[in-house]
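Below is one structure, written out as structure tokens; the observations come after it.
So that the names make sense, note that chain A is the first sequence line, chain B the second, and so on, each numbered from 1.
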Amino acid sequence: MTTIEREQEQERERERERERGRGREQPASGVPAYDRDLIRALESGWQRRWQEQGLYRGREVGGMPKYYCLDFFPYPSGDGLSVGHFKNYVPTDTLSRYLRMRGHNVLHPMGWDAFGEPTEQFAINTGISPRAATDRNKANYKRQFDLVGISFDWDREIDSSLPEYYRWTQWFFQLLYRKGLAYRDTQWQWWCPTCQTTLSNQEAQDGVCWRGHGGLTKKQIPAWYFRITAYADQLLDGLRDIEWPEPIKLMQTNWIGRSEGTEIRFTTAPREEAGAGAGEGTAGQALPVFTTRPDTVFGVTFMVVAPEHPLVDSLVTADRRDEVAAYVERAKGTSEIDRLSTEREKTGVFTGSYAVNPLNGERVQLWVADYVLGSYGTGVVMGVPGHDTRDFAFARKYGIPVKVVIAPPRWRDGQALPDAYVGPGEMVNSGRFDGAFTAGDWKKLTPLERQEVARVWGLDVAATDARVAATTADGIAAVSDWVEQEGLGRRTVNYRMRDWLISRQRYWGAPIPIVYCPQHGEQPVPESDLPVVLPEMTDFAPDGSGHSPLARATEWVQTTCPVCGGPAERETDTMGGFACSSWYFLRFTSPEYAAGPFDPERMRYWMPVDQYVGGAEHAVLHLLYARFWTRVMYDAGLVPFQEPFQRLRNQGMLVVPTPHRRASQESATEEWVPVTPQEAERLPPDEITMRATKMSKSLRNVITPDETVARFGADALRLYELFMAPFDQEVAWDENGINGTYRFLGRVWELVLRTREEAAGERYDGADEALTRLRHKTVERVTNDLERFRFNTMIAALMEFANALGERYREGRWKSAAFQESVETLVRLLAPAAPFAAEGLWQATGGFGRAAPLPLVAGPPEAPFAPPGSVHAQQWPTWDPALTRDAVVTVVVQVNGRVRDRLELPVEATEEDVRREALSRPRIRELVADPDGAKYIYVKGRLLNIVLGR
RNA sequence: GCCGGGAUGGCGAAAUGGCAAACGCAGCAGUCUUAAAAACUGCGGGCCUCGCGGCCUUGCGGGUUCGAGUCCCGCUCCCGGUACCA
């Protein structure tokens, strides 16, 4: 075709378009446009109507399967909800609505994790009581949920800050107390100077508190702990039986950090220098150490004690006292943050004392160093520089000898090591164990680490693997056996996880239900006296004393001892919010129940949660705590299951493009920090770059559902939340993207109502087999995608289906039964994701002829739904597997793997048919000179690859 | 450092080992309109070509296979988790 011909062709195309345009104009249709006014009318009343009709109510009726679909219950913040929050609320709502249509009893509740620091801070700043602020925030959240059409069962709303609720949080505290799982202790713990409270380890990661405050320090004050470590193994093992994302399971596994090893009892050595050693330390003081490498114990050349270890004072000799004291002081102070900042060099000081190795009687130096933690193992570590990289670095720095006890390949006795040898080998210089083979840490190394060790030391990975695999009892087992046999120690297990610190020195929380009596010590408040109600106070700002503000409520503090009736004082700390959220999912089953935390019968009906959805940031917080409490309840016979959440999904975060500036003035750093638009204005453009970051009020980049719904309607927002990216993937909000789902709804709206109007009640009987097949295929796709949380492709399938219908309408091929059926199916399939538009279409068509159509713009009527009722009470469409495949297939013909032709063939065509057809094509014949000498690869209904010999 | 996840058009993405880019956004052209917007139709990875068509293309380098975005090996970069755990 020449250029001129092409232009002529384009001109003809334009002419055809003009023709089509003229045709479209004619029927001045009475179909109301899908615009703001219509959307407002649709959305103004249906949500209330559905609620009044009890459509969202979780029913406990027989004959239907139950499904408990739960979102993490939110903290009702003064900032309200953003469109980011709906990245998980819309999918769970879509799933819930779908399951109702599938005939399930669905429990989809919502409540408030209402205790917490931001509300309290807000109250301090404004003088508005935390109660009033919480109630206001709740009402706002609820309004926003309704705005977006979320189908929560509000009859089951709960609020963790109400006495009816926290009464049972306190009750559970006492259950833990009775079981010996709650105890008071004075330990070094994280302290946030901004929040003025202690924090659990989980809440204090990276030296920054979970609310985002840096500059954490350590404090030693009495506090309450939950003994979660008693359940470490159970919490680890239980991960096997639940369908959670693997990364979350792994994070919990690492957090628990189970480590098998041996405790070996070293002792202090007698002092030598009588003159200098005026210390009170005595010889023979036990110094147990925990090690995973007992096979290296003959290589110990020093010992290290943690700075915070209680024995430090008695170990240090007089001449070293000042130096050690200064070091310990430095280690305790701000160094906690420094420790985290970089991989800094190891430091330590010699105490002047010595320890004795019980296996060979050797005398070694005792050091203090902050790389040893007081809270892990025994707080004392044996130093084996020959076979531990960290000990090697320490020994080299301080001139401590290195002793080889596991022979590296081609090593000769007396030879110095260039680095710690961590590979397997024969034990040497180890007394009775000389000559034994030890695998060391080989099995624990990753393949990459093995390669690295092999490279440095000239090992053969495969041969070493084989040797290690063939060794049944290696050095580790042999030394451990000997240690136990000789009574020098025992095998033991250590965990990285610490007990859960629950005390908070803050006002807005559930009071810890304990009183202190001068005669009877700490006593739990009797169950009949629960709840211990949080006293009303006007001034509850932390005063810097390190005590809870509740200590100033003197009347409240003064109480009587439950044992003797004499005067006693209340515990003034409150519980951290994670206590409240550790059992809330049970309360939803029977929120008004007064005789216990939950009604056992209804709990048994609904639990465990079938689908739980929330952010991954709670991997080792809420998700671990709730599992722990559930196991305690199981052991107490309160619940019949050990895991509360059978299936868990983490939604991806919704981020928003935000200006960033360089973190520091030196352009060498490539760190960028987000700034407000106002701040960005003041900076030169080349100092600013756009990056996606989490929505936050302080950055003024929050997009609210209010503004989005006002512009596009709830349904367009909902569809966009589902469509924009895979459910579990982080995605940036795109202002324009929502146009697509909005237009899609408009097209569906017009298509459905126009064809109804033009058909004017007539029923067509014409067939459209291709469309029927597409309908079945679409129902299958949408159903499968929905159940697999593949909401983005589910919406794409609906769009494709609607596009096919639209095409038929434009081409005038829509007067068929298949078309009418397809339109109705589309509306049903749309109902879970776009509830308002689907209901509008359903009612405006009278349920596709089942009832009299309702007027649209007037809004929903007050009377109950006429049969057949709401679209959300309809049955989910079904599909026939035989009709989900096309009758005609496109078979791709490849020659040597390159596509050369396509054949349209009936689905039942055999390989023989395909081959014959392919070879009859001129293009293929041209390329295949010798059909008999070629090799044919056939994939049924898809592809024929003709491979020519070379 | 260690552990985990990821990298596909201008953008969000799709693709049981079998036609890469479905669906959508933005863009361009057109229809309608006095005009614009909206709506609708068409185009839409790169290179060569008037065109038919051809070649290249899923972060980089290898491999397995008739055939690789997909599986295997090695690397680079990005994101998340973790922080001396003896």
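- The salt bridge (Lys or Arg N to Asp or Glu O under 4.0 Å) contacts involving residues 293-306 of chain A comprise A:Arg293-A:Asp295, A:Arg293-A:Asp441, where partners must be two or more places apart or lie in separate chains.
- Here A:Arg743 does not reach the OP1 or OP2 of B:G24: none of its side-chain N or O atoms lies under 4.0 Å away.
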Could you please spell out the steps behind the salt bridge (charged side-chain N to carboxylate O under 4.0 Å, His left out) verdict for A:Arg330 and A:Asp370? CA-CA 10 Å; A:Arg330 215 165 347 116; A:Asp370 66 4; over 6 Å; no
Give each protein N/O atom lying under 3.5 Å from an N/O atom of nucleotides 69-76 of chain B, with the pair distance.
none

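- Checked against B:C19, B:C85, B:G12, the side chain of A:Arg496 finds its nearest nucleotide in B:C85.
- For the pair A:Thr292 and B:C85, the criterion of a side-chain N or O lying under 4.0 Å from OP1 or OP2 is not met.
- Looking at residues two or more places apart in sequence or on another chain, you find a side-chain contact (heavy atoms from CB on, under 4.5 Å) between A:Asn739 and A:Phe712, A:Asn736, A:Arg743.
- By the ring-ring contact (aromatic ring centres under 6.0 Å, His included) test, A:Phe801 is found to be paired with no residue, residues two or more places apart in sequence or in another chain being considered.
- Evaluation of the side-chain contact (heavy atoms from CB on, under 4.5 Å) rule for A:Arg258 yields A:Asp233, A:Leu236, A:Glu260, A:Val493, A:Tyr495 as partners, not counting sequence neighbours.
- Under the rule for a salt bridge (Lys or Arg N to Asp or Glu O under 4.0 Å), the partners of A:Arg781 that lie at least two apart in sequence or sit in another chain are A:Glu800.
- Projected onto RNA chain B by closest heavy-atom contact, A:Ala796 and A:Arg790 fall at different nucleotides, the more 5' of which corresponds to A:Arg790.
- Across every strand in view, B:G80 sits in a pair with B:C3 that passes the Watson-Crick or G-U test at under 3.5 angstrom.
- In this structure B:G9 sits in the syn conformation; its chi angle is within 90° of 0.
- For A:Phe302, the ring-ring contact (aromatic ring centres under 6.0 Å, His included) partners at least two apart in sequence or on another chain are A:Phe394.
- The shortest distance between the side-chain N/O atoms of A:Tyr376 and the OP1/OP2 oxygens of B:A86 is below 4.0 Å.
- Nearest-nucleotide mapping onto RNA chain B: of A:Gly377 and A:Tyr742, the residue sitting toward the 5' end is A:Tyr742.
- Applying the side-chain hydrogen bond (donor to acceptor under 3.5 Å, both in side chains) test to A:Glu911 and every residue at least two apart in sequence or in another chain returns A:Arg915.
- Shown here are the side-chain contact (heavy atoms from CB on, under 4.5 Å) partners of A:Pro931, two or more places apart in sequence or in another chain: A:Leu919, A:Val928, A:Tyr936.
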N/O-N/O pairs, protein side and nucleotides 52-57 of chain B side, under 3.5 Å:
residue : atom : partner  : partner atom : Å
B:G54   : OP1  : A:Arg900 : NH1          : 3.3
B:G54   : OP1  : A:Arg923 : NH2          : 2.5
B:C55   : OP1  : A:Arg900 : NH2          : 3.3
B:C56   : OP1  : A:Arg898 : NH2          : 3.2
B:C56   : OP2  : A:Arg898 : NH1          : 2.8
B:C56   : OP2  : A:Arg898 : NH2          : 2.8

For every nucleotide of nucleotides 62-67 of chain B, 5' to 3': is a protein heavy atom under 4.0 Å from its base (B), only from its sugar-phosphate (S), or from neither (-)? ----B-
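- When both distances must be under 3.5 Å, the Watson-Crick or G-U wobble mate of B:G51 does not exist.
- Across all strands shown, the partner of B:C60 is B:G74, judged by Watson-Crick or G-U wobble contacts whose two distances both fall under 3.5 Å.
- No more than 12 heavy atoms of other residues, nucleotides or ligands shown are found within 6.0 angstrom of CD on A:Glu926.
- Using a 4.0 Å cut-off, some side-chain N or O of A:Arg810 falls inside it from OP1 or OP2 of B:U41.
- If you take atom P in B:A21 and the same atom in B:G74, they sit 32 Å apart, rounded to whole Å.
- Contact of A:Arg902 with B:C19 (side chain to base): a donor-acceptor pair of N or O atoms is detected under 3.5 Å.
- Between A:Arg390 and B:C85 there is a side-chain polar atom (N or O) within less than 4.0 angstrom of OP1 or OP2.
- With a cut-off of 3.5 Å on both Watson-Crick or G-U wobble distances, the partner of B:A68 is given as none.
- Looking at heavy-atom distances under 4.0 Å, A:Asn494 makes no contact with the nucleic acid at all.
- Among B:A86, B:C19, B:G12, the nucleotide with an atom closest to any side-chain atom of A:Ala725 is B:G12.
- Pairing partner, B:U16: none, since no Watson-Crick or wobble contact has both distances short of 3.5 Å.
- Proximity of A:Asn792 to the phosphate of B:A14: a side-chain N or O atom is located under 4.0 Å from OP1 or OP2.
- Counting heavy atoms from C-beta on, the side chains of A:Leu654 and A:Glu730 never come closer than 4.5 Å.
- In this structure, A:Asp901 does not pair ionically with A:Arg923, as no charged nitrogen and carboxylate oxygen lie closer than 4.0 Å.
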Pairs under 3.5 angstrom only: tabulate donor-acceptor contacts from the side chains of residues 787-797 of chain A to other protein residues two or more places apart or in another chain.
residue  : atom : partner  : partner atom : Å
A:Glu787 : OE2  : A:Tyr98  : OH           : 2.5
A:Thr793 : OG1  : A:Asp785 : OD2          : 3.0
A:Thr793 : OG1  : A:Arg790 : O            : 3.1

